[in-house]
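Let me begin by presenting the structure, written as structure tokens, before commenting on it.
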Amino acid sequence: MLDHDLHCHSNVSDGTLTPTELVERAAGRGVKMLALTDHDDVNGLDEARAAAARHGMDFVNGVEISVSWRSHTLHVVGLAIDPLYPPLVQGLQGLRSGRGERAQKMADELAKAGIGGTLQGAYRYAANPNIIGRTHFARYLVEAGHCKDVKSVFNRYLAKGKPGYVPHEWASLPDAISWIRGSGGIAVLAHPGRYMVGRHSMGKKTMRELLVEFVECGGQALEVVTGSHTQEQYAEFARYAEEFGLLCSCGSDFHSPNESYRDMGRLPDLPLSCRPVWENWATAAPSPILKVA
Ligand code: AMP
Ligand code: MN
Ligand code: MN
Ligand code: MN
């Protein structure tokens with residue numbers, strides 16, 4: 001079992017636990033190195049880092065940046081970022097500022113589909129209203145009895161092509177990677193397997209084109225082990241990582257005790273061919289692993 005978890009969410013984005021509660025849960029489940037990677041926001045890092053220090057856990061500053069690439073929405077995780085790097089701060093601010101308007105449009109679309117009251121309902125689930133997103137809508141739709149769980153809400157209403165889906169322009173791939181790299185961080189293509197399932201997914205040819213572009217832009221790692229990948233996908237993306245010279249990362253993508261495919265501290269080890277993204281972190285200067293004095 002792997003004791004590194006480099007992808008998870010607090011209620012600063014669409015998780016349900018506070019950064020402190022999240023770290024406590026991770027510690028209780030044997031995680032020794034944690035990165036908090038909230039969507040488009042770094043505001044939970046100070047609290048999480050302090051909590052990690054209390055538990056003697058290694059902590060890595062992280063973020064998960066929303067990206068539009070061709071017709072696809074991708075997520076790029078930044079690890080060991082400097083959350084104060086001005087272009088990163090401004091870039092994330094820009095991403096957050098579009099979310100309110102998008103939420104309004106989503107509520108309008110859902111109203112046309114006969115479901116009212118979703119904007120207020122969703123905001124009730126957003127501890128940080130700046131990051132209002134689909135998961136908050138999904139939680140409200142479950143509460144209101146429209147679906148049995150969050151996953152079903154996505155399948156029925158919020159995934160691409162469904163009545164409540166609103167297209168949105170996120171960061172460009174080169175911008176997201178340059179904010180991360182410019183801040184001293186490592187750019188990781190998150191949960192690549194997720195881009196290859198479903199009606200609007202990319203095929204193998206497009207995945208290769210994406211990986212070529214990702215590397216050209218300065219991307220350094222691929223998330224091989226993640227809560228949404230199958231065993232076969234661990235092996236498949238380990239092969240892609242080898243072929244494209246990418247480091248490998250892993251993380252649960254934990255959001256909530258009730259919703260996750262995989263809980264923290266319950267992921268298998270990276271495949272043997274993988275070079276872990278944390279390979280040289282113990283000796284790197286400045287250290288990507290943060291302690292609070
Ligand atoms: P947003 O950034 O507002 O578009 O929301 C994206 C988030 O929605 C992801 O980070 C996941 O937490 C969640 N999500 C996306 N697709 C699904 C799905 N099929 N089932 C459950 N949650 C999903
Ligand atoms: Mn999420
Ligand atoms: Mn993601
Ligand atoms: Mn995530």
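Counting begins at 1 with the first residue of the sequence. When a ligand or atom number is given, it counts from 1 through the structure's own listing order.
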Q: Specify the closest pair of heavy atoms between Met264 and Arg29, including all atoms of both residues, with the distance to one decimal.
A: O-NE, 3.0 Å

Q | Among Val77, Leu247, Val224, the one residue meeting side chain to side chain contact (heavy atoms under 4.5 Å, CB included) with Val277 | A | Leu247

Q. Are His75 and Glu64 linked by a side-chain donor-acceptor pair shorter than 3.5 Å?
A. yes

Q: If you have a sec, work out which protein heavy atom is nearest atom 6 (C) of ligand 1 and how many Å separate them, to one decimal?
A: Arg134 NH2, 3.8 Å

**Q.** Heavy atom of His168, distance to ligand 1 below 4.0 Å
**A.** no

Q.
Between the Mn ion (ligand 4) and Glu64, which N, O or S atom of the residue is the nearest one?
A. OE1

Q. Is any N, O or S atom of His255 under 2.8 Å away from the Mn ion (ligand 4)?
A. no

Q: Name the closest protein heavy atom to atom 2 (O) of ligand 1, giving the residue it belongs to and the distance to 0.1 Å.
A: Arg99 NH2, 2.9 Å

Q.
Please name the atom of His75, limited to N, O or S, that comes nearest to the Mn ion (ligand 3).
A. ND1

Q: Would you check whether His75 has a nitrogen or oxygen atom less than 3.5 angstrom from a nitrogen or oxygen atom of ligand 1?
A: no

Q) For ligand 1, which part of His9 has a heavy atom less than 4.0 Å away: the side chain, the backbone, both, or neither? A) neither

Q) Rounded to the nearest 0.5 Å, how far apart are OG1 of Thr226 and CZ of Arg194? A) 7.5 Å

Q) Can you check whether Asp14 has an N/O within less than 3.5 Å of an N/O in ligand 1? A) yes

Q: Note the single closest protein heavy atom to atom 19 (N) of ligand 1, along with its residue, its atom name and the distance in Å.
A: Phe154 CB, 3.6 Å

(Q) If the cut-off is 4.0 Å to any non-hydrogen atom of Lys151, which atoms of ligand 1 fall inside it? (A) 19 (N), 20 (N)

Q) Trp170 to ligand 1: N or O pair under 3.5 Å? A) no

Q: For ligand 1, note which part of His255 has a heavy atom under 4.0 Å away: side chain, backbone, both or neither.
A: side chain

Q) To the nearest 0.5 Å, how far apart are CG in Leu45 and CG in Leu290? A) 9.0 Å

Q. Which is the closest N/O/S atom of Asp253 when seen from the Mn ion (ligand 4)?
A. OD1

Q: Before signing off on this row, confirm whether Asn155 and ligand 1 have an N or O atom pair separated by under 3.5 Å.
A: no

Q: Heavy-atom distances under 4.0 Å are what count here, so tell me which part of Arg102 touches ligand 1: side chain, backbone, both or neither.
A: side chain

Q: For a side chain to side chain donor-acceptor pair (under 3.5 Å) with Asp40, tell me which candidate from Arg99, Arg96, Gln93 qualifies.
A: Arg99

Q | salt_bridge(Arg139, Glu259) N-O dist < 4.0 Å | A | yes

Q.
If only side-chain N and O atoms count, and only distance matters, is there a donor-acceptor pair under 3.5 Å linking Glu213 with Trp69?
A. yes

Q | Enumerated ligand 1 atoms positioned under 4.0 Å from heavy atoms of Gly133 | A | 3 (O)

Q: Looking only at non-hydrogen atoms, find the nearest pair between Lys162 and Asn155 and report the distance.
A: CE-O, 3.0 Å

Q: Flag His191 as yes if one of its N/O/S atoms falls below 2.8 Å of the Mn ion (ligand 3), otherwise no.
A: yes

Q) When rounded to the nearest 0.5 angstrom, what distance separates CZ in Arg181 from CG in Leu88? A) 14.0 Å

Q | Passing candidate, ring pair (Phe, Tyr, Trp, His ring centres under 6.0 Å) with His255, options His7, His136, His9 | A | His9

Q.
Please determine whether any non-hydrogen atom of Glu64 lies less than 4.0 Å from an atom of ligand 1.
A. no

Q. Between Asp5 and Arg25, is there a salt bridge with N-O shorter than 4.0 Å?
A. no

Q. Taking just the N, O or S atoms of His7, which one is nearest to the Mn ion (ligand 4)?
A. NE2

Q.
I need the atoms of ligand 1 closer than 4.0 Å to a non-hydrogen atom of Thr135, numbered in the order shown.
A. 7 (C), 8 (O), 12 (O), 13 (C)

Q) So which heavy atom on Gly121 is nearest to which on Tyr140, and how close? A) CA-CD1, 3.4 Å

